[in-house]
Amino acid sequence: MTETTTPASEVAALQTQPKGLGVLKAAFRERRTLAMLLLGFSAGLPFAMLIGTLNAWLTEEKIPVATIGILSWIGLFGAFRFLWSPAVSWTPPLIGKRLGRRRSWLLVLQVVIAAALGLVALSHPGAGVLGPLAMGAALGAFAFATQDIVIDAWRIEVADETLPIDLLSTIYQLGYRTAALAGGAGALLLAAAIGWPGVFLTAAILMGLGVLGTLIAPEPAPSSQAAVAKQRRGSPSLRLAVLVATLAAWAWAAWMLVRFMVTALTTSPAPSAGDFTTAWGPWIVAATVLLPAALAGLIVWKGRVATEAEASATPKLADTFYDAILAPLVELMGRLGWGAVIVLGLILTYRITDGVWGPFAFPFYMGDAGGALGHTKAEVALASKTFGVVMTIVGIALGGWALLAIGRMWSLLIGAILSAATNLLMMDLALGAPVISPFMQTTGLYDLFGAFHIGEPLARLMLAIAGENIAGGFAGAAFVAYLSALANRTFGAVQFAVFISLALLIGTLGRAPLGELVDAQGYAPMFAIAAWLGLLAVVFCIAEWVRLTFERRKLAKAS
């Protein structure tokens with residue numbers, strides 16, 4: 001092996017690069033930081049307004065729960081965004097030449113979201129006219145799910161040593177959660193003053209912050225077409241067969257989604273979006289993500305890398321679709337190899353402690369059986385939607401600090417441990433707070449909460465939510481940073497969309513049996529199971545850390 005030397009200019013550049021928390025100071029001197037914060041806000045606001053706050057308006061207007069359930073399917077756009085993620089690899093006409101691929105997509109989508117929020121504001125659900133509202137909500141949900149794809153790709157593509165992906169991901173999370181606070185608790189307070197139409201018009205105007213973020217954001221350098229074309233491994237017949245199989249699987253998934261939507265809109269009582277996701281979500285993910293990933297692995301195994309001549313040749317129509325849909329998965333499988341099993345296990349388990357019991361949170365807070373706490377709506381709004389969101393932002397800030405101070409894998413591991421452990425706080429509440437209550441009594445926390453006229457039961461809930469949400473914010477910052485770093489800059493849009501869809505949908509697998517467990521044994525066993533499931537993520541974090549260590553050593557030896 002021959003030794004290689006690093007040029008003196010590169011050594012000097014490395015020595016002058018900011019390190020640790022010095023990165024934070026350097027990062028806030030440039031426009032990408034502000035752009036990321038505004039784009040994060042632009043991503044979080046329509047989600048909060050259309051997925052959560054809209055239901056509060058419909059409830060106040062006495063809209064039947066079955067009808068609200070029909071509208072709930074718009075949340076599926078976010079879960080299945082990977083199905084159309086390849087589309088953002090093309091540059092929109094007209095404004096695309098002036099603004100570039102990413103910024104032109106963002107501007108178009110932000111205008112569509114603002115228009116959709118305006119359409120919702122101009123509707124009259126109290127009069128029973130739900131057509132414009134449903135149209136606006138569906139259009140807005142599709143647009144903000146697509147905007148998320150583009151923002152994720154932009155974040156991955158503009159990151160560098162001065163502004164690393166870890167910091168960009170944390171800033172994105174801060175903007176997103178701030179928007180969640182504004183679109184959740186803030187919208188509820190504003191509705192009492194100006195009414196619901198005014199709230200949604202205000203949200204449409206606030207999308208201007210996202211437009212501002214788009215205008216000040218630098219356009220990333222376009223992907224190298226040669227780098228994309230090099231993923232055309234194997235024979236043309238093999239690539240065509242894999243492409244046809246993938247498109248057939250995606251067509252089946254699209255048909256299942258459209259059939260559900262039509263059924264939901266034309267059948268009474270309407271089917272539940274949650275039940276559909278639980279029953280068919282894993283199969284759709286298997287057909288549209290796991291099957292293409294396995295076929296991509298087959299191409300990596302059987303096919304050779306394209307030559308320079310083949311990569312520079314004008315692509316045929318089949319190769320154009322292959323480049324957009326399968327090339328990102330081929331690159332990922334080729335880069336990870338058998339390590340893909342560890343990565344997949346980490347993605348599927350890391351946020352399962354939140355996702356698996358999330359739908360039972362409000363029944364636990366407000367119910368009166370099985371260890372439920374029996375709090376009022378106002379108390380839950382204060383503890384969960386206001387105080388809880390603030391604690392999540394605190395957790396994100398701590399996660400961002402940890403990413404810069406101790407590194408990505410330490411942060412990822414600590415987040416997994418905290419997420420698993422904080423389930424024990426909720427289990428303690430379900431058992432009557434035998435640990436939390438003496439702790440608060442001894443430390444004087446009851447007196448502190450009492451100074452704000454908060455009684456002991458609500459104080460216990462707020463303490464548990466603080467622990468859980470700080471852990472969730474910390475883990476979320478580390479997880480998004482890990483996934484962003486895992487995605488290749490050339491194929492970030494599709495790869496990150498696949499990662500997020502897997503992470504969102506896996507929690508649905510255990511919800512039905514957990515619901516039966518709660519009915520039979522109460523809430524405490526559910527939280528104990530969630531804590532044990534969280535240990536799987538801890539194991540996969542350690543395994544991934546080991547894999548990355550071996551990869552770094554292998555690269556060091558090769559150089």
Side-chain angles (χ1 to χ4, degrees), residues 76-90 142 145-146 149-150 152-153 223 225 227-260 277 280-306 310-311 313 315-338 340-341 343-344 347-348 483 486-488 490-506:
L76 295 177
F77 284 123
F80 295 103
R81 71 185 73 172
F82 62 88
L83 289 174
W84 61 91
S85 58
V88 302
S89 63
W90 292 300
F142 177 79
T146 309
I149 298 171
V150 184
D152 292 334
S223 302
Q225 189 56 41
V228 176
K230 282 186 177 181
Q231 302 307 320
R232 296 176 197 156
R233 304 190 182 199
S235 64
S237 59
L238 175 61
R239 294 200 301 270
L240 181 60
V242 170
L243 178 63
V244 169
T246 299
L247 290 176
W250 284 30
W252 172 80
W255 177 76
M256 291 293 295
L257 291 171
V258 171
R259 188 183 71 164
F260 168 75
T277 307
W280 290 103
W283 293 105
I284 291 175
V285 170
T288 55
V289 177
L290 300 183
L291 175 63
L295 294 174
L298 176 65
I299 289 178
V300 172
W301 179 42
K302 289 289 188 181
R304 59 175 177 80
V305 178
E310 292 170 336
K316 299 177 182 178
L317 180 61
D319 284 335
T320 300
F321 280 98
Y322 175 93
D323 290 347
I325 296 171
L326 280 168
L329 295 177
V330 171
E331 188 280 333
L332 184 67
M333 299 302 293
R335 174 159 46 94
L336 296 179
W338 289 105
V341 176
V343 171
L344 181 62
I347 293 173
L348 292 179
L483 294 181
L486 183 65
N488 180 281
T490 302
F491 304 103
V494 175
Q495 289 179 354
F496 196 88
V498 169
F499 297 155
I500 290 297
S501 294
L502 287 172
L504 287 175
L505 288 171
I506 188 60

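Annotation: the span from L329 atom CG to F82 atom CZ amounts to 10.5 Å, rounded to 0.5 Å. Taken from CD in Q495 to CD1 in I500, the straight-line distance is 13.0 Å, to the nearest 0.5 Å. Here the CZ atom belonging to R81 is positioned 12.0 Å from the CZ atom belonging to F142, to the nearest 0.5 angstrom. Here F499 contributes atom CZ and D152 contributes atom CG; the two are 11.0 Å apart, rounded to the nearest 0.5 Å. Atom OG1 of residue T246 and atom CG of residue L295 lie 5.5 Å apart, to the nearest 0.5 angstrom. Interatomic distance, CG of L238 versus CG of L298, reported as 5.5 Å (0.5 Å rounding).
In W283, the CH2 atom is not crowded: 12 or fewer heavy atoms of neighbouring residues, nucleotides or ligands sit closer than 6.0 Å.
Checking side-chain atoms of R233 against main-chain N and O of W301 turns up no donor-acceptor pair under 3.5 Å.
Heavy atoms only, all atoms of each residue included: P86 and I325 are closest at CG-CG1, 4.0 Å. Of all heavy-atom pairs spanning L83 and W250, the tightest one is O-CZ3, 3.0 Å. Nearest approach of G492 to A487, heavy atoms of both residues: CA-CB, 4.2 Å. A pairwise comparison of heavy atoms in Y322 and Q231 identifies OH-O, 2.7 Å as the closest pair. Taking each heavy atom of L336 and A340 in turn, the nearest pair found is CB-N, 3.8 Å. Among all heavy-atom pairs drawn from S85 and A497, the shortest one is CB-CB, 3.8 Å.
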L332 vs N488, side chain to side chain contact (heavy atoms under 4.5 Å, CB included): CA-CA, chis, key distance, verdict:
CA-CA 8 Å; L332 184 67; N488 180 281; over 6 Å; no
Carefully, step by step, assess W252 and I284 under the rule side chain to side chain contact (heavy atoms under 4.5 Å, CB included).
CA-CA 8 Å; W252 172 80; I284 291 175; 3.9 Å; yes
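Looking at heavy atoms from C-beta onward, E331 lies out of side-chain contact with P328 at the 4.5 angstrom threshold.
Between W84 and F77, the ring planes are perpendicular. Angles over 60° get that label, and only those under 30° would be called parallel.
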